[in-house]
Amino acid sequence: MRQPGEKINRRLPPLLELRRPIPPLWYWGVGLGFIGFFLLAWILVTALGLVPRIFLPSPTAVINELIRQIQSGILWQDASTSLYRIFIGWLISTLVAVPIGILMGNFHFFEGLFEPFIDLVRYMPAVAFVPLTILWLGVGDTQKYAILFIGTFFQEVLLIMDNVKTVPRELIQISSTFGLNKWEILRDVILRAAMPGIWDTFRITLGWAWTYLVVAELVAASVGLGYRIMRAQRFLETETIILGILIIGFMGLITDYIFKISYKKLFRWALQSR
Amino acid sequence: MSLPKLHIENVSKSFDLGREGSLLAIQDVSLAVHPNEFVSLLGPSGCGKSTLLMMTAGLEEITAGRILVDGLEVKGPGLDRGVVFQSYTLFPWLTVAENVRFALKKSKLSTAEQEERVRHHLELVGLSDFASAYPNQLSGGMRQRVAIARALVYRPQILLMDEPFGALDAQTRMLMQELLLEVWQKNRTTVLFVTHDVDEAILLSDRIYVMTARPGRIKAELRVGLPRPRKWLETEGSLQFAQLRHETLRLLHEEVRQGG
Ligand SMILES: Nc1ncnc2c1ncn2[C@@H]1O[C@H](COP(=O)(O)OP(=O)(O)OP(=O)(O)O)[C@@H](O)[C@H]1O
Ligand SMILES: [Mg+2]
């Protein structure tokens, strides 16, 4: 027998209610569909020959390039080199940003000391530092780390300062009524409470490091995903450029997911609270 | 008369507002709380109740006057005073038991003794079954019960409470008030309790200080002679309660009208 409710199920679920979750099938469906739309447009435009292939090669050309790079071992070499550079550059930035950000978030003295300088530097474009860093550091990997550092550090340190500042004042006050001194409060309360936010900052800044890869490998590199793109530009190998962009995008996505998943594992207590 | 447990002597507080000058929040307040007494501070919103409590806790600087605990001047926070805030102040990364245990970080008790203390205080607030739950799994009332257990676990001389039940719904609040009375009856600590709820002040207190609108001063001191132990159903129905309620409301009303 047909229930009245059955009919309702066939209708479109409410998709545009304020802050209301939608069925997962819809959520993932529309997202993948949106990507699929671009893929389809790409296939159509190239298959119909609407654009010269030097401007936009076909997906098959890009796939062939991918196969070529995998077989020759170039892809592995480029990807591992770039991943290593990004990780080291980001790690140096993070190792400096964490202590300084924590000091700035907790002590007005350090905020006063560092913030004007950071505000001054953080809008300077990292690309503009390429010639300078080569002059100062040469053409080795140190120069690449320096560019990645310049691109991420100044934003990262401010984000970490904010992460620390969002720890509620009452949490600090109540801790002092238990007899803890400021260093104990800093270690056992503020840092613990700020950790999920800081972890998220790591995720975001590692993402930025990926976007600075091409800048870091702009000159004076002989291997790397960014270098491959810059080189291909010279020879108008458009499929290599597109492949490089896609691979950087995918690798960025993967590192992002690693942080997202580990967040859920590490900070279960921070989920759905408040 | 015995030496007061807590003595607030001619305390004033003004906040420095920078270019806009300063704001006088509290003006020349004096009051005393005796050992094992339950005293409430009642006053309209913004009259400086929280500020006074925070100064007593040592978490806010005193502009003029002084605050004495057992005759010793308050210079900062200390283990002789336990504090419960209105907002939830549990550490979300610790379980209920770990939260209570956290307050014993500076105690010299052995691990076994600490465990026993925690267990006892969780039992006191009726949360033994939730010892290993995390704060984000608890209701608002349960969180405040943990906060109370945590403020009592190191046996402070004075319990300072700032509208601890203010964020709770009416039913939960009544249950919590009765629970607090039970706990206080068993523990026999001295309590200074901030509220703007007349009924709450009467049910709980031995004495009530009514404060004026800003700048906060002591307007009146009321003695609540209701017999203990008190329960909502019995106490609220009595004539004495009604009379006190009327008197307190009248006092408070004058201030609210002025302040508004
Ligand atoms: N840090 C501060 N800086 C400036 N003014 C403040 C500060 N803290 C409190 N005040 C002011 O002091 C006055 C008293 O504040 P307080 O929070 O003590 O009032 P209250 O009696 O607790 O009010 P409520 O019942 O709403 O909690 C208010 O006018 C408030 O705006
Ligand atoms: Mg208040």
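Scanning residues 20-35 of chain A against chain B with a 4.5 Å non-hydrogen threshold yields no residues. Within residues 78-85 of chain B, the residues approaching chain A closer than 4.5 Å by heavy atoms are, in numerical order, B:Gly78, B:Leu79, B:Arg81, B:Val83, B:Phe85.
Under 4.0 Å is where a charged nitrogen must lie from a carboxylate oxygen, and between B:Lys106 and A:Glu184 at least one such pair does.
Note on B:Trp93, B:Phe91, B:Tyr88: by heavy-atom pairs under 4.5 Å with chain A, the leading option is B:Trp93. By number of non-hydrogen pairs under 4.5 angstrom with chain A, the leading residue of B:Leu59, B:Leu94, B:Leu104, B:Leu90 is B:Leu59.
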Worksheet item: Between B:Tyr154 and A:Thr177, is a side chain to side chain contact (heavy atoms under 4.5 Å, CB included) present by the stated rule, with each step listed?
Response: CA-CA 11 Å; B:Tyr154 53 93; A:Thr177 68; 4.1 Å; yes
Discussion item. Determine whether B:Phe102 and A:Val189 satisfy the following criterion, side chain to side chain contact (heavy atoms under 4.5 Å, CB included), listing intermediate values before the conclusion.
Written reply: CA-CA 10 Å; B:Phe102 190 95; A:Val189 179; 3.7 Å; yes
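Around CZ of B:Phe15, the count of heavy atoms belonging to other residues, nucleotides or ligands within 6.0 Å exceeds 12. Atom CZ of A:Arg169 sits in a sparse spot, with 12 or fewer heavy atoms from other residues, nucleotides or ligands closer than 6.0 Å. Within 6.0 Å of atom CZ in A:Phe107, more than 12 heavy atoms from other residues, nucleotides or ligands are found, so the atom counts as buried in its surroundings. Within a 6.0 Å sphere centred on CG of A:Leu95, other residues, nucleotides and ligands contribute more than 12 heavy atoms.
Interatomic distance, B:Arg150 CZ to A:Ile174 CD1, rounded to the nearest 0.5 Å: 5.5 Å.
Contacts of B:Thr89 with chain A are made by both backbone and side-chain atoms, with heavy-atom separations under 4.5 Å.
A pairwise comparison of heavy atoms in A:Arg268 and B:Asn136 identifies O-ND2, 3.9 Å as the closest pair.
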